[in-house]
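Some notes on the structure that comes next.
These numbers were taken from a predicted model, which means no experiment stands behind them.
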Amino acid sequence: MVKVKEHNNNKRKKIKVNETIRFVSILAILLMVNVLSSFVNFRLDLTEEKRYTLASPTKELLKKLDDVVYIKVYLKGEFPAAFQKLSRSVKETLDEFKAIAGKKIEYEFINPSDFEDKKDREAVYKELFKKGLLPTDLSVKEEDGITNKIIWPCALVYYKEKEYPVNFLKTRIGLTPEESINSSIEALEYEFIHAIDMLMRDHLPSVAFIDGHGELDELQTADIYMQLSSSYAVSRVKLKEKINALTERIGKDTNITLKNKYDVIIIAKPDSLFSEKDKFLIDQFIMNGGKALWLIDGVQAEMDSLRNSDITVGFPKTNNLEDLLFKYGVRINNTLIQDLQAAPIPIVTGRFGNEAKTELFPWFYFPLLNPSGNHPVVNHLNPVKGEFVSTIDTVGDSHLKKTILLTSSKYSRFLKAPVRISLGILRLTPNPEIFNKSFLPAAVLVEGKFTSNYSNRLIPIIELSREIGFKHESPPTKQIFVADGDIIRNEVKKGSREYFPLGYDRFTKQTYGNKEFIMNCIDYLCDDTGIMQVRSRKLKLRLIDKARWKESEMFWKIFNTATPSFLVILGGLIFARLRKWKNTQKL
């Protein structure tokens, strides 16, 4: 009996020793894995849309950093849950950047409202606004009533003594606050990497507005000119049929090479004919790899004609560019789009005493153009306001890649010029059945190798001239064609040189997506690294069904509170039971 007891004691000691050895071994393995993991950068993104995975162009750019990027994020403080979510997402995005770039990414969160003195606080606000950051004013319901909070959903990015403003908040017409925040989160990676890309550039890409054919003047394009100047070297150039207007010759005699002076040219609403020589200069600019943004009217129609009369006529418009555009894969038609989704204009409907009574009516000739798909140029974009917009067709060379960027709404139609334009249609109730053409294209992106409009049309002495350096085909390049010149035109106050922001409607106080669209077009045309592709990123918006949540609110509260405790107790019981059973088996 004594021997049996001694034998059992020895067996228990042996089991304890084995368990101790096993515990120490597991602990050592865990420590070893922990130490090794600090030398290996390994991350898993298990989300469906790869929410925490950076795009390849972002990673490539971050690896090229040769100095520290320092980011001051001003989204800190007490504000509603949606902005807290945006703040967390900013931190997560920057942490992803740090995972690639390491110590070359540094950031801090700052609360610009954290000043008790009102003057100090306002001085900080003015300084941030001056640097290009845009605040948002939010009404917050509190116990003692409703208070207004100034929130700065933005950041300043610093790199090598340069700084670049980043505004996160993307508000779009028709979006709920939750959708706006989600849209802002989708754009975070692009906004930060775009800022870093701009700061890393040694020289600014050059953009030139073409003059000399009745194009929009400096004042009519002042707002977009100013906006472009923050990221590009912008200028205006008159062609005047001069061979070196858009290109320059480098070298002498037999070693002459041609080089474009500009990266992108903008042809904004020309009003007169282009000569063949000017067309040739533009053609050879494209053949040398240049990019172009064309904003061309297909019909001559202006609101000024309706100020003294209720009726005007829109006539077909030509700039002698038709063959050039056809060769590049598009045709701007002599048509006008009418759309039930349209910007309003004020109309005098009567008098109240001595005052004229005006009301706003949707003017079907001012369609609000919708982004088509989620191409980087139009992703997260507000509707773009057009004025007397024509339709555009893709034609010709099938080797070119053509992408529709903007279209009319589902309820639209087009009229062929000459077309009678009458304010009288505002007095009629529109019949949806006649607006039976959906999604009429109004802007197209064309990419690929373009063929010269003058190929096989020149005499040998010009075609073979070293000074002219004629090229039959371009390298891969890209052009954007918009069938409305007014999309880039800002409103100008009468009798002064003041102007409204591009896309701002002074009657409805609404800002449409015109400026952002033009900026995106130029960014895309100048983008040789693929950074713009990050703009097309989509994150799934997973909103709570509030009605369903209301019905089952109590159940989920109890479930979330009781379930963890229940699982811990259940696990403990199972573990104790298993241990007891295991010890019994060993004895």
Side-chain angles (χ1 to χ4, degrees), residues 49 51-52 54-55 58 61-62 69-98 105-114 124-125 127-138 140 149-159 163-173 175-199 227 230-231 374 376 378-382 501 511 513 515-517 519-520 523 531-541:
E49 67 270 33
R51 179 181 291 260
Y52 303 106
L54 298 177
T58 303
L61 200 69
L62 290 173
V69 174
Y70 185 70
I71 302 165
K72 288 183 178 177
V73 183
Y74 294 96
L75 193 57
K76 182 182 179 184
E78 294 182 3
F79 29 68
F83 283 92
Q84 296 286 1
K85 180 183 176 186
L86 180 59
S87 180
R88 283 196 303 274
S89 297
V90 171
K91 186 177 183 307
E92 288 168 359
T93 302
L94 295 179
D95 284 341
E96 293 300 317
F97 279 28
K98 277 181 76 70
I105 293 287
E106 293 182 8
Y107 66 85
E108 67 171 325
F109 280 70
I110 298 169
N111 182 0
S113 304
D114 198 14
V124 172
Y125 287 174
E127 185 64 22
L128 295 180
F129 189 78
K130 196 175 170 184
K131 289 176 180 288
L133 303 185
L134 301 175
T136 183
D137 189 355
L138 204 67
V140 180
K149 277 184 179 289
I150 302 293
I151 299 176
W152 294 83
C154 38
L156 280 174
V157 182
Y158 298 88
Y159 183 71
E163 67 178 29
Y164 197 89
V166 175
N167 291 292
F168 312 138
L169 193 59
K170 305 292 176 192
T171 54
R172 289 170 57 193
I173 299 169
L175 286 190
T176 63
E178 291 85 357
E179 289 170 327
S180 290
I181 292 294
N182 196 66
S183 184
S184 305
I185 292 170
E186 285 178 341
L188 282 176
E189 182 184 340
Y190 171 74
E191 294 296 338
F192 278 115
I193 201 63
H194 174 68
I196 293 171
D197 182 37
M198 297 304 294
L199 291 170
Q227 186 70 33
S230 63
S231 306
N374 64 339
V378 293
N379 198 24
H380 308 300
L381 191 70
N382 264 324
T511 301
K515 188 193 293 189
E516 193 177 356
F517 173 69
M519 287 300 297
N520 290 347
D523 285 345
I531 291 290
M532 274 293 285
Q533 295 298 330
V534 182
R535 274 199 99 253
S536 59
R537 183 174 190 178
K538 283 281 182 189
L539 298 180
K540 194 175 285 185
L541 184 60

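Under the 3.5 Å distance criterion, the side-chain polar atoms of Asn167 are matched with a main-chain donor or acceptor of Gly132. No donor-acceptor distance shorter than 3.5 angstrom exists from the side chain of Lys72 to the backbone of Leu156, with no hydrogens or angles considered. Judged by distance alone, the side chain of Asp197 and the main-chain N or O of Ile193 form no donor-acceptor pair under 3.5 Å. For the pair Glu189 (side chain) and Ala55 (backbone), a donor-acceptor distance under 3.5 Å is present. With hydrogens and angles disregarded, a donor-acceptor distance shorter than 3.5 Å links the side chain of Ser89 to the backbone of Lys85.
In this structure, OG in Ser231 is found 5.0 Å from NE2 in His194, a value given to the nearest 0.5 Å. We find the OH-CG distance between Tyr190 and Asn379 to be 11.0 Å, quoted to the nearest 0.5 Å. Here Lys515 contributes atom NZ and Asn382 contributes atom CG; the two are 13.0 Å apart, rounded to the nearest 0.5 Å. Rounding to the nearest 0.5 angstrom, the gap separating the NZ atom in Lys170 from the CD1 atom in Ile185 is 13.0 Å. In this structure, CH2 in Trp152 is found 10.5 Å from OG1 in Thr136, a value given to the nearest 0.5 Å. The line from CD1 of Ile105 to CZ of Phe192 is 9.5 Å long, rounded to the nearest 0.5 Å.
The minimum heavy-atom distance linking Gly513 with Leu381 is given by the pair O-CD1, 3.8 Å. Across every non-hydrogen atom of Leu75 and Pro153, the tightest pair is CD1-CA, 3.9 Å. The nearest pair of heavy atoms linking Leu128 to Pro112 is CD1-CB, 3.8 Å.
At a threshold of 4.5 Å between non-hydrogen side-chain atoms, the residues Leu54 and Leu62 count as touching. In this structure the side chain of Tyr70 never reaches within 4.5 angstrom of the side chain of Val157, judged on heavy atoms. Under the 4.5 Å side-chain criterion, counting only non-hydrogen atoms from C-beta, Leu188 is in contact with Val90. Annotation: side chain of Ile196 is not in contact with side chain of Tyr164 (no heavy-atom distance under 4.5 Å).
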(request) Take Val378 and Asn520 through the test side-chain contact (heavy atoms from CB on, under 4.5 Å) and record every step on the way to the result. (result) CA-CA 7 Å; Val378 293; Asn520 290 347; over 6 Å; no
(request) Go through Asp137 and Ile150 one step at a time and tell me if the side-chain contact (heavy atoms from CB on, under 4.5 Å) criterion holds. (result) CA-CA 5 Å; Asp137 189 355; Ile150 302 293; 4.1 Å; yes
(request) Apply the test side-chain contact (heavy atoms from CB on, under 4.5 Å) to residues Thr58 and Phe97: give CA-CA distance (whole Å), side-chain angles for both, the deciding distance (0.1 Å), then the verdict. (result) CA-CA 9 Å; Thr58 303; Phe97 279 28; 3.9 Å; yes
(request) Determine, step by step, whether Val69 and Leu199 satisfy the side-chain contact (heavy atoms from CB on, under 4.5 Å) criterion, reporting the C-alpha distance in whole Å, the side-chain angles of both residues, the deciding distance to 0.1 Å, and the verdict. (result) CA-CA 9 Å; Val69 174; Leu199 291 170; 5.7 Å; no
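The ring of Tyr74 has its center no closer than 6.0 angstrom to the ring center of Phe168.
More than 12 heavy atoms of other residues, nucleotides or ligands shown are found within 6.0 angstrom of CD on Glu108.
In this structure, a donor-acceptor pair under 3.5 Å is present between the side chains of Tyr125 and Ser113.
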